[in-house]
Each structure stands twice: as structure tokens, then as C-alpha cells.
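All values below come from the heavy atoms of this structure, side chains included, with hydrogens, waters and symmetry mates left out.
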Amino acid sequence: DLNSIIETLKLFLQRPGFTSRCELWRARERTSIPNLLSDVIHGTVWRDFKGQDGSRFMSNQRNLALMMNVDWFQPFKHSPYSVGVIYLALMNLPRSERYKRENIIVVGIIPGPGEPSSLNPYLVPLVSELKELWEDGIEVCHPGSPRIPERFFAALLLVACDVPAARKLCGFLGHGARRGCSKCKKEFIPGENFGMKMNFGGFENCMPRTNVEHRCEAQEILAEDTYQGRESKQTKYGTRYTELMKLGYFDCIRFTIIDPMHNLFLGTAKHLMKNIWLPNKILKQNDLKSIQELIDSMKVPSNMGRIPNKIASNFGSFTSEQWKLWTVVYSEFALKKYLPSEDYKLWLLFVKACHILTVPIITYRS
């Protein structure tokens, strides 16, 4: 069942002080340091996205920017059963409030026992309400205007999911497909040096995807009469149809973020430890115990977080956040004594890349 986005937004807007907190970002934007990006409000989508009248959408008061996420979780411990949840966050709110439980719009639950091959059936009613919020808006009497209703509009400007969910939401094949990148048209082909597995290297001179082409490819796929024809076109383009394309303003390419979690921390960092260093005895069990003792003896700032006592047990059940903490904070000094020189140098390059790709504040040259 759909939990109405419109009715939930009305309840939010009627809270005391809620609409004024949705406008606090404007003061932050005015006092921002030039060429420094620390929040979505500093991005080009936020700055350049146009409303129906051609004006800057976010420049108008009472216009709201939404972020969508889809994720799966296990409702029962030690069970393979998983269910999904679709939820929205209001990006106008201050960062300290956006992801609080009371400010999240839970749109719907996707029943298990596993992930469906397509999310489109669950997106149909959601997209219908998003279209209404974009085209007609909603009238609300709120504490700032208790007698005269004011009209609010909203747009979906961001999809922030892990890679598998983002691919299904925004109309792409999975990352293991021949054209598995959501930003460019790079073709991944099996390589002899990779045991005929996909070679994901070589991103020089890649042609970027565009929203117009992406939508045209999806319509071409829908026009196919046979299942085989649709599958062939999907493989050719790395594209699939998504209900979000019914939102005329939605840009499947630009509005989908790149997820570093699976690639960097649950991918490369975990792979090296679990499949290379430990099986090949580059790191031994006694080494892990010594590393655990070293980390346990450290005093770190309270906001940094600590790694649980799982290193000595081969990093058992590490979460993505714990893999990130291990990689970017602890590993550089913890592994120095135990890894061979060449392995350690390569690891330091990876750690440096992780710092760059996950830094909370970035600068650019205009």
C-alpha cells in the first residue's frame, strides 16, 4: 500500500516552525564560500534546475526538493528473508534534520522474500503523486499562514541508493552488464587476462550518457513486441524503462548519485582482505590479533567511531561503515608492520583514493 506523499507533506508543513526551517538553507547559500561544495545546495542541479515557468525552481519560496531512496533490510536476525522500503527525504531541511525519523516520508514497503526484478509496479502510484506535486502543487494552511492557504510545489531532484537499487529505479541494467555504467556508454567486455570475466578498466574517452538518449532508448525498448527483442535492446543500450521517466523534468543521468559504498568498502577493501591477504597468508591470524590490540589501545575522537572487536575474527560481519572506518582511519598505520612493502604501497594509494572520493567537502576551480 502507498503511504500518500501529499498527505504526509501536508502534515509536515503544518508543524510549528517546519516551513521556516525549510527556508534556512537560503542564508547558508548566501554566506557560502566560493568554489567550495559541502552540501546539495551548492550543486549545479540545485542551482540550475528550472521550474515550469522557466525560472530557477529553488529560488521560489515554498518549492521543495525531494530525495528518494530504496533499500532492503532483514526484519529478522540471521534470516535470508528481506523486504524493501521506499522513502523520501526533504532536502530543504538543515542537514542535521533531514534524515531524522520524524522527517522521513516512508512511501511504501516492498514485500520479500527477496528483491523484485523490477520496481515499476511500486513506482506507479508514487509517480502519480509526484506529478501532482510538480504540476498543481498542494495548498496548506500552516502556522506561518494559518488563515490563508499557501501553495507548495515539489520536485524529485535526487536518487541516493546503493548501486543495485539505483539501477532499477533510474532505468539502467546492473553494474555487471556490458554497458553497466550509469554515466557513460563505456562497454565492458570479457578479457583474456581476466579469466574471461568482465574487464572494467579503461575509461579514457568515454562518451557520456544523456537524458534525451536514455529516454529514447527506453521508448525503443518498450516498442519491441517480443521479450527477446526487449532483452536484446536492453543489452545493447544498458537501458531499461522506469516509471520515473513519466516525470518530464527528471534527469535519470544527472539526478542519480554515484554510490562509493559497494565499490570501495564492501568491494575492494573487503575483497583484498577476505580473498587475497588472508587466504594467501599475507596476513596471518596472529597478525590480526596484534592489529586488534593496537586499535583497541588507541584513543580517538568520539565523533570518529570505533571498530568492534571483529578484526581478530577475520573482520566477521563488518558493516559498510565499519569497512570505511577501517580503510580511511585505522588501516594506514595498522597494516604498515604486517603487509609486504609493495602491497602496502598499493594499499596506501587505494586509501588516498578513498579519502578523495568520500571527502565531505570538496573544492573546484571555476
Side-chain angles (χ1 to χ4, degrees), residues 72 74 77-80 82 114-115 162-165 167 173-178 180-181 186-204 258-300 304-359:
W72 277 262
Q74 293 178 324
K77 195 173 183 179
H78 306 304
S79 169
S82 62
E115 299 183 21
D162 63 20
V163 170
R167 294 296 196 269
L173 296 192
H175 62 278
R178 188 180 184 92
C181 180
K186 163 73 178 176
E187 288 195 39
F188 306 121
I189 56 176
E192 295 180 1
N193 297 330
F194 295 85
M196 298 312 292
K197 293 181 180 180
M198 286 292 189
N199 175 8
F200 293 105
F203 276 83
E204 298 82 7
I258 297 174
D259 160 44
M261 180 182 75
H262 284 78
N263 189 339
L264 300 179
F265 305 117
L266 291 178
T268 302
K270 184 176 181 179
H271 171 72
L272 282 171
M273 182 62 68
K274 294 282 192 176
N275 301 327
I276 306 295
W277 293 342
L278 292 176
N280 294 310
K281 306 297 182 184
I282 296 173
L283 286 178
K284 302 177 179 62
Q285 196 63 42
N286 287 337
D287 297 336
L288 297 185
K289 292 179 180 179
S290 299
I291 291 171
Q292 182 77 66
E293 292 173 0
L294 176 63
I295 290 177
D296 290 343
S297 67
M298 288 183 58
K299 293 183 179 180
V300 297
M304 185 177 291
R306 297 193 65 86
I307 292 179
N309 297 326
K310 295 178 179 178
I311 293 177
S313 60
N314 295 348
F315 292 77
S317 303
F318 253 36
T319 65
S320 59
E321 186 61 30
Q322 289 161 357
W323 276 110
K324 178 182 178 180
L325 194 61
W326 157 255
T327 301
V328 301
V329 176
Y330 293 103
S331 69
E332 188 170 344
F333 71 90
L335 292 173
K336 185 174 183 179
K337 181 179 174 182
Y338 302 99
L339 279 183
S341 176
E342 286 302 312
D343 292 81
Y344 183 66
K345 287 179 182 178
L346 289 173
W347 176 255
L348 290 185
L349 290 174
F350 173 69
V351 172
K352 185 175 182 180
C354 289
H355 275 291
I356 294 171
L357 292 170
T358 62
V359 68

Identify each donor-acceptor pair in which a side-chain atom of residues 336-346 lies under 3.5 Å from a protein atom, sequence neighbours left out, and give them as a table.
residue: Y344; atom: OH; partner: E332; partner atom: O; Å: 2.4

Practice problem: Assess whether atom CD1 of I258 is packed by more than 12 heavy atoms of other residues, nucleotides or ligands within 6.0 Å. | Solution: no

Straight-line distance of [X] [atom1] to [Y] [atom2], nearest 0.5 Å:
X	Y	atom1	atom2	answer
W347	T268	CH2	OG1	8.5 Å
N263	L357	CG	CG	8.5 Å
D162	W72	CG	CH2	8.0 Å
Q292	L294	CD	CG	10.0 Å
M273	L335	CE	CG	5.5 Å
L264	S320	CG	OG	11.0 Å

Self-check item: Side-chain donor or acceptor of D259 paired with backbone N/O of M261 under 3.5 Å
Solution: yes

For [X] versus [Y], what's the shortest heavy-atom pair and its separation?
X	Y	value
I291	A334	CG1-O, 3.7 Å
F188	C181	CE1-N, 3.9 Å
L173	R167	O-CD, 3.1 Å

Quiz prompt | Residues forming a side-chain contact (heavy atoms from CB on, under 4.5 Å) with E293, sequence neighbours excluded | solution =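 Partners of E293 under the side-chain contact (heavy atoms from CB on, under 4.5 Å) test: none.
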
Quiz prompt | side-chain contact (heavy atoms from CB on, under 4.5 Å) against V328, all qualifying residues, sequence neighbours excluded | solution =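 V328: side-chain contact (heavy atoms from CB on, under 4.5 Å) contacts with F265, K324, C354, H355.
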
